[in-house]
Amino acid sequence: MVEAPVLRGPRIYEKVVEKLKGEIAAGNILPGDPLPSERQLMDDFGVSRSSLREAFRVMELLGLIESIPGKGRFVRHPRTIAENRSTIQLEDSAILELMEARRVLDPAIAAESAMRATPSDLTRMLRVITSTEKSLENPEERAQADFDFHLVLAEATHNFVFTNITRMNFDLILATHERIYNLLDDKDAFLNEHRDMYEAILDHDVERARETASHHIDRIYRTLHRGIAAGE
C-alpha cells in the first residue's frame with residue numbers, strides 16, 4: 001500500500017534563504033559584499049537567530065555565501081567558465097565519484113517522488129520531458145534539460161534536503177557539461193529513461209521508480225567510465 005504524501009509549507013529558514021537569494025539576484029547585495037548584521041536581518045525578516053543561522057548554513061552549503069572568521073559572512077563571487085574548465089581537466093575521477101554518489105541518491109529520490117508526487121509535480125515533470133525532446137542535439141541544452149528534470153523529481157519528494165543535494169550535484173555537472181555530455185552521446189536512452197521514471201512516478205509505483213532510476217544512473221556511470229578510461 002502506498003503511503004499518503006506528507007506535504008508541508010516551507011520552514012522559516014527556507015523562507016529566509018529565498019529572501020536572501022532574491023536580494024542577491026536583484027543586485028541589492030553584490031558578490032564580495034558583506035551580509036547585513038544578524039540583528040538587522042532578524043529585524044528585517046522577523047525571524048529568530050536560530051532560523052537565520054540555519055539559513056546561513058544552507059546558503060554556505062549551496063556555495064552562495066562564505067563565512068570569514070573575524071570578518072563576517074560575504075556573498076561569494078561566482079566561478080568563471082575559465083575557472084571551471086581549468087579544474088575539469090584535472091578531475092575526471094571526481095566526475096566518476098559524483099556519479100557513484102548519484103547511484104545511491106537517485107534511486108532513493110525517485111522512490112520518494114513516487115510516494116509523494118502531487119498532480120502539480122507530475123505536470124511539471126511531463127512539461128520538462130516534452131521540452132527535452134527539442135534539446136537532444138545541443139550538449140548545453142541537454143545538460144539544462146537533465147537538471148530541470150532531476151530538480152523537479154527532487155522537488156516532488158517535498159524534502160528540502162533532497163532538493164538541495166540535487167542542486168549541488170548539478171552545479172558540478174553543469175560546470176563540466178561539455179566534458180560529460182559529449183561522452184554521453186546516447187541521446188535517445190537519456191530521454192526514454194526519463195520517461196520511464198516519470199511513468200513509474202505517475203503510477204506511484206515506488207519499486208519501479210527506484211529500479212528505473214537505478215538503471216538510468218548505472219548506465220550513465222558505465223558510459224562515463226568507459227569514455228574516461230579510453231581517454232576520450
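Residues: numbered from 1 along the sequence shown.
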**Prompt:** Given side chains that start at C-beta, do those of F56 and I65 come closer than 4.5 Å, heavy atoms only?
**Reply:** yes
**Message:** Test of understanding: with side-chain contact (heavy atoms from CB on, under 4.5 Å), list the residues that count as partners of L98, not counting sequence neighbours.
**Reply:** N169, L172, I173
**Item:** Residues that Y13 engages under ring-ring contact (aromatic ring centres under 6.0 Å, His included), provided they are two or more places apart
**Value:** F160
**R53/E38 salt bridge by N-O under 4.0 Å criterion** = yes
**Prompt:** Mind checking what makes salt bridge (charged side-chain N to carboxylate O under 4.0 Å, His left out) contact with R222, not counting sequence neighbours?
**Reply:** none
**Fill in**
Sorted by chain and number, sequence neighbours left out, ring-ring contact (aromatic ring centres under 6.0 Å, His included) with H225 holds for Y221
**Asked** In chain order, what residues pass the salt bridge (charged side-chain N to carboxylate O under 4.0 Å, His left out) check against D218, with sequence neighbours excluded?
**Response** R103
**Complete:** Those residues at least two apart in sequence (or on a different chain) that pass side-chain hydrogen bond (donor to acceptor under 3.5 Å, both in side chains) with D188 are none
**Request:** Using the test side-chain hydrogen bond (donor to acceptor under 3.5 Å, both in side chains), find all partners of E23 that sit at least two apart in sequence or belong to another chain.
**Result:** N28
**Request:** Among Ile, Leu, Val, Met, Phe, Trp and Tyr joined by side-chain contacts under 4.5 Å, find the other residues sharing a cluster with I68 and list them by chain and number.
**Result:** F74
**side-chain contact (heavy atoms from CB on, under 4.5 Å) against S131, all qualifying residues, sequence neighbours excluded** = none
**Message:** Can you list everything that forms a salt bridge (charged side-chain N to carboxylate O under 4.0 Å, His left out) with D33? Sequence neighbours excluded, please.
**Reply:** none
**Item:** Residues in salt bridge (charged side-chain N to carboxylate O under 4.0 Å, His left out) contact with E66, at least two apart in sequence or another chain
**Value:** none
**Request:** May I have all residue pairs that pass salt bridge (Lys or Arg N to Asp or Glu O under 4.0 Å) and include part of residues 134-158, sequence neighbours excluded?
**Result:** R124-E155, E155-R167
